[in-house]
There are 2 protein chains.
Amino acid sequence: MLQLTKRTEYGLLALVHLADREGAVASVREICERYPLPKRTLAEVLKDLQHAGLVESTRGSSGGYTLARSPLRVTLGDVVRALEGAPPLTTCESPIVLKGGGCEVQPNCPIRSPIQRVRERLWQLLEHTTLHSLVSGAPHVSLGALGAVESHR
Amino acid sequence: MLQLTKRTEYGLLALVHLADREGAVASVREICERYPLPKRTLAEVLKDLQHAGLVESTRGSSGGYTLARSPLRVTLGDVVRALEGAPPLTTCESPIVLKGGGCEVQPNCPIRSPIQRVRERLWQLLEHTTLHSLVSGAPHVSLGALGAVESHR
DNA sequence: GGCAATTAGCACCTTTTGAGTGCGCTTTGG
DNA sequence: CCAAAGCGCACTCAAAAGGTGCTAATTGCC
């Protein structure tokens, strides 16, 4: 499916919340009081974001999470990679053999290389979308490289 | 998951095969003799592609499938839409309410609109990748609009 | 010191989705 | 008439995603 998981969605909302109050710690409870998210699952997500180095945690009674770095330096790609990994677009990116031993020079499926390029483009898109751009409502920051398509639709 | 399904992968391979022998019909059996794909599943996929108008079918003993239009006018987006639909990137693109009645002006989640823009970009990428570009090995056709990123990585 | 609030870690269950198959029907060429 | 092909539906099986239970470990505050 060409779709982000709910975990990623939860993570993004949490990060936006953290970005809003830059510096101050926010607990899972606090975030769940703001958005209607399942508390326990959000906790798992934030734990994963902590492992990925996107947020820092402080434990104890008045603990919580803070952003590990500026919203300008956290990208959608970072979040997706932390919560979903970076899987290939198709299993075809791993080698698939032709039957009958046709083409030996390129023993992999004919789609492989073009699909890889599409995946690279997709990740460029994710990497260029910063947390800051989600917070500010400004569509994209540092997207000049892709900006040529702006005029469509 | 940010990943294409195997059905889409199978469909792309089948379409590439059809594009190779433009005009001639190719049966499911023939395609499966070329690529190691499960016959029945591929049949389901081709049926869906037929419903979507991407291929035309002829029944009967010497039947099979042909491309419904030029490889230049079949895009990755067409194939994905036919086989996976066009789901939103997050459920967040459907309205999610803030708790406590905070912001009335924008009652939806703060991520919604930026995520929609990312999805639009993603689909532009898919729409600009043609079947022809998969066949010819040329990375992308009519991708001038997105070409500015070419130099990265 | 003790309590309450919080994060940390692991294991488990449930639901959803994807992949694949069974079976019978229809169509068509030889 | 038969064989080869597509058509349609329903069903099973496996994997992934979403969510929860339970028990620590940590820390602030009384």
Pairwise side-chain contact, Val55(A) with Thr66(A), heavy-atom cut-off 4.5 Å (strictly under)
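Val55(A) vs Thr66(A): side chains apart.
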
Taking the side chain as every heavy atom from C-beta outward, state whether Arg69(B) and Leu54(B) have any atom pair closer than 4.5 Å.
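They are in contact (side-chain heavy atoms under 4.5 Å apart), so the answer is yes.
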
Minimum heavy-atom separation for Thr90(B) and Glu9(A), please, with both atom names.
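Smallest heavy-atom distance, with atoms named: CB-OE1, 3.5 Å.
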
Within a reach of under 6.0 Å around CZ of Arg73(B), are more than 12 heavy atoms found that belong to other residues, nucleotides or ligands?
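No.
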
Decide, yes or no, whether a salt bridge links Glu30(B) with Arg21(B) under the criterion of side-chain N to carboxylate O below 4.0 Å.
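Salt bridge present between Glu30(B) and Arg21(B).
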
Salt bridge flag under 4.0 Å for residues Glu44(B) and Lys47(B)
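Lys47(B) and Glu44(B): salt-bridged.
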
Apply the side-chain contact (heavy atoms from CB on, under 4.5 Å) test between Leu76(A) and each candidate in Thr129(A), Thr130(A), Leu131(A); give the one that qualifies.
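Only one of Thr129(A), Thr130(A), Leu131(A) forms a side-chain contact (heavy atoms from CB on, under 4.5 Å) with Leu76(A), namely Thr129(A).
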
Answer yes or no: does a side-chain N or O of [X] lie under 4.0 Å from OP1 or OP2 of [N]?
X: His51(A); N: dA8(C); value: no
X: Tyr65(A); N: dA8(C); value: yes
X: Ser57(A); N: dA8(C); value: yes

What integer distance in Å separates [X]:[atom1] from [N]:[atom2]?
X: Leu49(A); N: dA8(C); atom1: CG; atom2: C1'; result: 15 Å
X: Gln3(B); N: dG18(C); atom1: CD; atom2: P; result: 11 Å
X: Leu4(A); N: dA16(D); atom1: CG; atom2: C1'; result: 16 Å
X: Leu2(A); N: dG18(C); atom1: CG; atom2: C1'; result: 15 Å
X: Glu9(B); N: dG20(C); atom1: CD; atom2: C1'; result: 15 Å
X: Arg7(A); N: dA16(D); atom1: CZ; atom2: C1'; result: 12 Å
X: Leu46(A); N: dG9(C); atom1: CG; atom2: P; result: 13 Å
X: Glu30(A); N: dT7(C); atom1: CD; atom2: C1'; result: 15 Å

Just compare dA5(D), dA19(C), dG8(D) and give me whichever is closest to any side-chain atom of Lys47(B).
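It is dG8(D).
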
Per-nt protein contacts along nucleotides 20-30 of chain D (heavy atom under 4.0 Å; B base, S backbone sugar-phosphate only, - none) come out as BBB--BBBB--

For Ala26(B) and for Lys6(A), locate the closest nucleotide of DNA chain D by heavy-atom distance; then report the residue assigned to the nucleotide nearer the 5' terminus.
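Of the two residues, Ala26(B) wins.
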
